[in-house]
Each structure stands twice: as structure tokens, then as C-alpha cells.
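Counting convention: from 1, in listed order, for ligands and their atoms alike. Just so we're clear, the structure is a prediction, and the values are computed from it rather than from any experiment.
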Amino acid sequence: MFPEIERVLIDEARIRARVHDMGAQIARDLTADIARSGMSADGQIVLVPILTGSIVFVADLVRQMPLKLRLGVVAVSSYPGQSMQSKGAALRGEIPRDLGGKHVLIVDDILDSGRTLGLIRRLIEEQSPASCRTCVLLTKAVPRAEPVVADYSGFDIPDAFVVGYGLDYDGYYRNLPHIAILKGHAVKGVHP
Ligand code: IMP
Ligand code: MG
């Protein structure tokens, strides 16, 4: 489809199966939280997807979660322009303001340096949610700049630059249905 794609790392069927299982697991855990609190589920669960990379993942994930939940998106920029090095995460716009006492699940496409999830988790925890968990489709095998471990992670991947299923290079390739490695950015010795 695109000559600049080196190879597919995770195909559509594997993603679908894993996202299905993740949605079921997360829904079970949140249901247990709500049951423990003794409150009704209404208004208790808020998913916070990080734009733009998480849009495809979160769209599939929420449809595997038969729960009453709300979405409150946040926008973070971490790879300005064509750069592939994380320059640090910066919040663009606002964080949802009504998260105190709620069960919050932060959703991102990939955990790389940890700066993006670290930043958003700090900002959300300032509001004293009842719980704050993190969920990513991919965890990259690199040393973290911030000590973040995702509570839910779909796949461990090697230290390669990947695109597709929401992840971009220079804004492109988000619409690929699989996770692929770009030509010229091949895997550096770690295996999935
Ligand atoms: P971190 O802040 O370094 O953990 O990076 C997280 C963000 O960087 C993600 O939300 C992605 O937008 C972006 N990112 C990190 N690695 C990749 C990659 O391999 N391909 C595309 N985007 C990436
Ligand atoms: Mg992103």
C-alpha cells in the first residue's frame, strides 16, 4: 500500500483480538471498583484519551467496554514536526476539570520515554480522582525518562519507530489498520 513501509509488525487480527481482551479486562476492573465504592456507576468512569495518537485505539477499545462511561480528551504534543526524538511533552489546551473522586483511565497509543503519560497522570492526580490508571496499545523497549509503567499494555515492541492504527510520522500513516515499521527506521536488536 505504501512503498515507504518496511514491514508489518502487528497485523489487524492480532490488534483486534488484543483490544477485545483489554477492553474486557479493564471493564471487569472498573466494575469491581464501582462495586467496592457502593455507588452507582453513573458519572463515575472517565476515559482520558491523549490526542491525536490514541484516537483509533480508544475508538475500538470503548466498544469492547460495556460500561456507562464518559470521554474527556486531552491534547499533548511531543514530536513536533518530523522529529523522532521526544522533546518533552507539552499540554495543548485544557485538562478535564471534574475528575475529583472519579475512576479515570488515561489512554495513549504508545509508552516511549514516559513523559506524556507522566505529565498527564500528574495533572490528573492533582484533582484527587478515586483511581487513575494508564492504558497503552504499545510499550516500547527503551529506558524511560520518567518512571511510568502502564497498568494495561497491548504489546511490547522493540526500539523501532512505528506507524499505523493512530500512530503517525509527520502526521501521516495514522489510517493504516496495522502497526508497521517505516523504511530506514528498522529494529535495533530487541525482539517483540
Ligand atoms: P513519550 O512521551 O516519549 O512516552 O511518547 C509518547 C508519545 O510519543 C506518543 O503519544 C506518540 O505520539 C509518540 N511516539 C512515541 N513513539 C512513537 C513511534 O514509534 N511512532 C509514532 N509516535 C510515537
Ligand atoms: Mg501522541
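Rounding to the nearest 0.5 Å gives a distance of 7.5 Å between CZ of Arg97 and CD1 of Ile95.
Below 3.5 Å of separation, one finds no N or O of Val163 facing any N or O of ligand 1. For Val162, a nitrogen or oxygen atom sits less than 3.5 Å from a nitrogen or oxygen atom of ligand 1, counting backbone and side chain alike.
Which parts of ligand 1 touch Phe161 is read off a 4.0 Å heavy-atom cut-off, strictly below it: atoms 17 (C), 18 (C), 19 (O), 20 (N), 21 (C), 22 (N). The distance from ligand 1 to the heavy atoms of Ser113 drops below 4.0 Å at these ligand atoms: 1 (P), 2 (O), 3 (O), 4 (O). Atoms of ligand 1 lying under 4.0 Å from any heavy atom of Ile110, numbered from 1 in the order shown and given with element: 6 (C), 9 (C), 11 (C), 14 (N), 15 (C), 16 (N), 17 (C), 23 (C). Applying the 4.0 Å criterion to heavy atoms of Thr116 picks out, from ligand 1, the atoms 1 (P), 2 (O), 5 (O), 6 (C), 7 (C).
The existence of a salt bridge linking Arg122 and Glu146 is confirmed by a sub-4.0 Å separation between a basic side-chain nitrogen and an acidic carboxylate oxygen. Ion pairing between a basic and an acidic side chain is recognised when a charged N comes within 4.0 Å of a carboxylate O; Asp11 and Arg14 show no such pairing. The pair Arg121-Asp108 does not count as a salt bridge, with every side-chain nitrogen at least 4.0 angstrom from each carboxylate oxygen.
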Practice task
Determine, stepwise, if the pair Gln25 / Asp29 fulfils side-chain hydrogen bond (donor to acceptor under 3.5 Å, both in side chains).
Solution key: CA-CA 6 Å; Gln25 176 70 52; Asp29 293 350; 3.1 Å; yes
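Aromatic ring pairs are classed by plane angle as parallel below 30°, tilted from 30° to 60° and perpendicular above 60°; the pair Tyr165 and Phe57 is tilted.
Using a 4.0 Å cut-off between heavy atoms, Leu167 contacts ligand 1 through its side chain alone, with no backbone atom that close. When heavy-atom distances to ligand 1 are checked against a 4.0 Å cut-off, Ile50 has no atom that comes that close, whether in backbone or side chain. Residue-level proximity to ligand 1 for Ala160 is carried by the backbone, the only part with a heavy atom below 4.0 angstrom.
The closest approach between Gly53 and ligand 1 stays at or above 4.0 Å for every heavy atom of the residue. Proximity of Ala89 to ligand 1 is not established, as no heavy-atom distance is less than 4.0 Å. At least one heavy atom of Lys140 lies less than 4.0 angstrom from ligand 1.
By the 6.0 Å contact criterion, CZ on Phe2 is enclosed, its count of non-hydrogen atoms from other residues, nucleotides or ligands being greater than 12. Heavy atoms from other residues, nucleotides or ligands lying under 6.0 Å from CD of Glu125 number more than 12.
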